[in-house]
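A short write-up of the structure that comes next.
Order of the sequence lines fixes the chain letters, A, B, ..., with proteins taken first and strands second; residue numbering starts at 1 for each chain.
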2 protein chains.
Amino acid sequence: MKMDDWKFRQVRRVIKIVNIKDIARKAQVSVATVSHVINRTRFVSDELIKRVEQTMIDLDYQPNLLAGSLRTKKTSTIGLIIPDSSNMIFAEVSKNIENILFSRNYNVIVCNSSYDINRELEHLKTLRSKMVDGVLIVPATLEGEHLEKFKNIGIPIVILDRTLPDINIDTVVADNYKGGYDAAKYLENLGHTNIGYIDRIYDLPHSLGRKNGFIRALEEKGILFNKDNIVRGGFTFNDGVEASKKILKKNPGITAIFSFNDISALGAIRGLTELGLRVPKDISVVGYDDIPLSSIYIPSLTTVCYPVSEMAKEASKLLLKRISKPIFKKADRIIIPNELIIRESTSRCKNRA
Amino acid sequence: MKMDDWKFRQVRRVIKIVNIKDIARKAQVSVATVSHVINRTRFVSDELIKRVEQTMIDLDYQPNLLAGSLRTKKTSTIGLIIPDSSNMIFAEVSKNIENILFSRNYNVIVCNSSYDINRELEHLKTLRSKMVDGVLIVPATLEGEHLEKFKNIGIPIVILDRTLPDINIDTVVADNYKGGYDAAKYLENLGHTNIGYIDRIYDLPHSLGRKNGFIRALEEKGILFNKDNIVRGGFTFNDGVEASKKILKKNPGITAIFSFNDISALGAIRGLTELGLRVPKDISVVGYDDIPLSSIYIPSLTTVCYPVSEMAKEASKLLLKRISKPIFKKADRIIIPNELIIRESTSRCKNRA
DNA sequence: CTGAAAGCGCTAACAG
DNA sequence: CTGTTAGCGCTTTCAG
């Protein structure tokens, strides 16, 4: 007992942290009892509860979750790996996830992969070492082996917003095919038949889904989609500016442009404006994502709403489910519908050409 | 030894995690030695190093940082508390911080306070319980007592982007006064003398700094700033729309508007457009922040660049310094300059009124 | 150069 | 209803 006392003072001098032992001593109860009143995991007399809680307040006690986690193998923190947390769409997703998880008493470690699979791997390793209870990830690439390996170690993981081929991991994605389809249908109904398409530099499942849906809708109306109407670019604003100009040069008869994302669509509006065309009077533009900017741009952008909050909700729910019962048989695949938001940037076709 | 063996199998069955003991046994060395080759904290024969490292690979060993942290009292994770991680400016800050800290081998737990001090408090508590090495915070309010208390416990904390009164905590802020001053000087030089001002609903140090600098610059030129030219609103796009209309109604002779943030400034452009005024032909607009949107809006916005990455860099550096040597005497206060970015939304005054 | 052993602060049997 | 005890997996003396 005496030696214990001495150690106690030792520690207090270095770090001003009071531990469960301190409060046990002060409240004159066993350490176990204190633990139990904290976690409400056993019947304790009211008198004791009161005494313990009071000393906890007196000493400003805050449990050391590290120690607890070491025992319970549960950290109440999950990892979120995204390519770029400053990308508006990911920022929105991560904020939603953080909020939901906060209400379930989880914290989230946010990691940027910067579209680099090596960094993704690094992060996965540290997250594992920090014993996170699970991981939400928007993969940097289509590579999924390392993710599968990670899952097989026993740490739940769910993929967000991307479809990786040949993989048995829970996934939550938006219905990109339907989104592209709806966008095309809408433009058709406005009378547009000659439509330009701004695409990613190379196909990824999500953008490909959009394109396939788009083309399918045209085909249904008997409109032959001219592959020449596709221009591929990056995914920035300036890429959109360039792309729109290229498209118009290749095919001046175009009366509408669909872009696989909003930023490029907005860029396209700027590019068209620079060409002297008025949107939507002379030409219509439709985007994809519904980033905040799209509603406040001039003209505001008609776009397919990316269901950020739904996605965050479903993904969090799924992950928590996997965490609570780790028996994993077949991966879930949740597809979230998205909705077309009609705004100023589109109008009935006036057959410009 | 036998009993040990049995326990080993026990654990392996439940969680597929191999620990330092496993690799010690397999490599036929002491646990201590393994630890030392991992952390390169002692001379170990090459032969042993090789053997140990090989078994680490064979068993796919990943250290349990929880256990280590429990001993060393160092978690290599820091907490970042911001009001809203989907706000573009904070998203940018947080991405930068994450990147810098990643390179120094830290992880960051991102927390949203949602401008709610109680949530901020909650987060502070869990971060403390999770034994973060330090905290970066953009406070939700001007209240700072809880932060000071937190600091006094011994956890380094630095305040970002806000100046709290009467507080002895490290702070990194932008030079708001200078920013406001520069903006006003610039408009003066374009010949504007009757300038509207869109302000926050109530003063906060950072917005107040901008305003004071602004007014000071006008005074230097002998321009009397009409308090009636100030309209207060929220900080959203739509608030800016409203504010601009109100200003023009109150004082139709205004030839330029300065807004305390970009979003409202962009809203103002929209509002003015709706009033039939052309920006910048009829009226100039200047914002503050330089959010990504400002450069791509039509017309692009002249604005004071908020030094996000500089701020993230300085704040991280300061925090890491405090973590490595915890002797705290006087709080540092780092002021980061910001620069005026001139774009399309402003032009020489043509004395409209 | 290497090993044994004592904890970090907490939880969870087990034993009253 | 309450206490004792044995670890969680690692680091760090101390003792060769």
Can you see if the side chain of Y61(A) gets near the phosphate of dG9(C) - specifically, an N or O under 4.0 Å from OP1 or OP2? no
Note: L136(B) and L319(B) closest approach over all heavy atoms is CG-CD2, 3.8 Å
N19(B) vs dG9(D): side-chain N/O to OP1/OP2 distance below 4.0 Å: yes
Taking CD1 from I23(B) and P from dT11(D), how many angstroms apart are they, rounded to a whole number? 12 Å
Sorted by chain and residue number, the ring-ring contact (aromatic ring centres under 6.0 Å, His included) partners of Y106(A) (sequence neighbours excluded) come out as none
Could you tell me if the side chain of D332(B) sits less than 4.5 Å from the side chain of E314(B), heavy atoms only? no
When the distance from CG of D22(A) to P of dC8(C) is rounded to whole Å, what number comes out? 11 Å
Atom CD of Q62(B) and atom P of dG9(D) are separated, to the nearest Å, by 15 Å
Under 3.5 Å, which protein N or O atoms sit close to an N or O of nucleotides 11-13 of chain C? Give each pair with its distance.
unit_1: dT11(C); atom_1: OP1; unit_2: N39(A); atom_2: ND2; d: 3.3
unit_1: dT11(C); atom_1: OP2; unit_2: S35(A); atom_2: OG; d: 2.9
unit_1: dT11(C); atom_1: O2; unit_2: R71(A); atom_2: NH1; d: 2.5

Rounded to whole Å, please give me the gap between CE in M131(A) and C1' in dC10(D). 11 Å
Nearest to the side chain of K73(B) - dC8(C), dG9(D), dC10(C)? dC8(C)
Minimal non-hydrogen separation, I169(A) against I157(A), with atom names: CG2-O, 3.5 Å
Can you measure L70(B) atom CG to dT11(D) atom C1' for me and round it to whole angstrom units? 10 Å
Whole-Å distance, K130(B) NZ to dG9(C) P, equals 19 Å
Closest heavy-atom pair and its distance - T75(A), K130(B): O-NZ, 3.4 Å
What bend angle does the helix from dC1(C)-dG16(D) to dG16(C)-dC1(D) show across its length, from five-pair end axes and to the nearest 10 degrees? 40°
Under 4.0 Å between a side-chain N/O of T33(A) and OP1 or OP2 of dT2(D), yes or no? no
For E145(A), side-chain contact (heavy atoms from CB on, under 4.5 Å) partners two or more places apart: E143(A)
Sugar-phosphate, base or nothing in reach of L48(A), heavy atoms under 4.0 Å: sugar-phosphate
Any salt bridge (charged side-chain N to carboxylate O under 4.0 Å, His left out) involving residues 90-115 of chain B? Give me the pairs, sequence neighbours left out, ordered by first then second residue. D84(A)-K95(B)
Atom CZ of R25(A) and atom P of dG9(C) are separated, to the nearest Å, by 12 Å
Nucleotide dT2(C), atom P - distance to CD of Q28(B) in whole Å: 14 Å
Sequence neighbours left out, what pairs pass salt bridge (charged side-chain N to carboxylate O under 4.0 Å, His left out) with at least one residue falling in residues 40-49 of chain B? R40(B)-E53(B), E47(B)-R51(B)
Can you confirm whether I137(A) sits close enough to E120(A) that some side-chain heavy atom of one is under 4.5 Å from a side-chain heavy atom of the other? yes
With sugar-phosphate meaning primed atoms plus P, OP1 and OP2, does L65(A) contact a base, only sugar-phosphate, or nothing at under 4.0 Å between heavy atoms? nothing
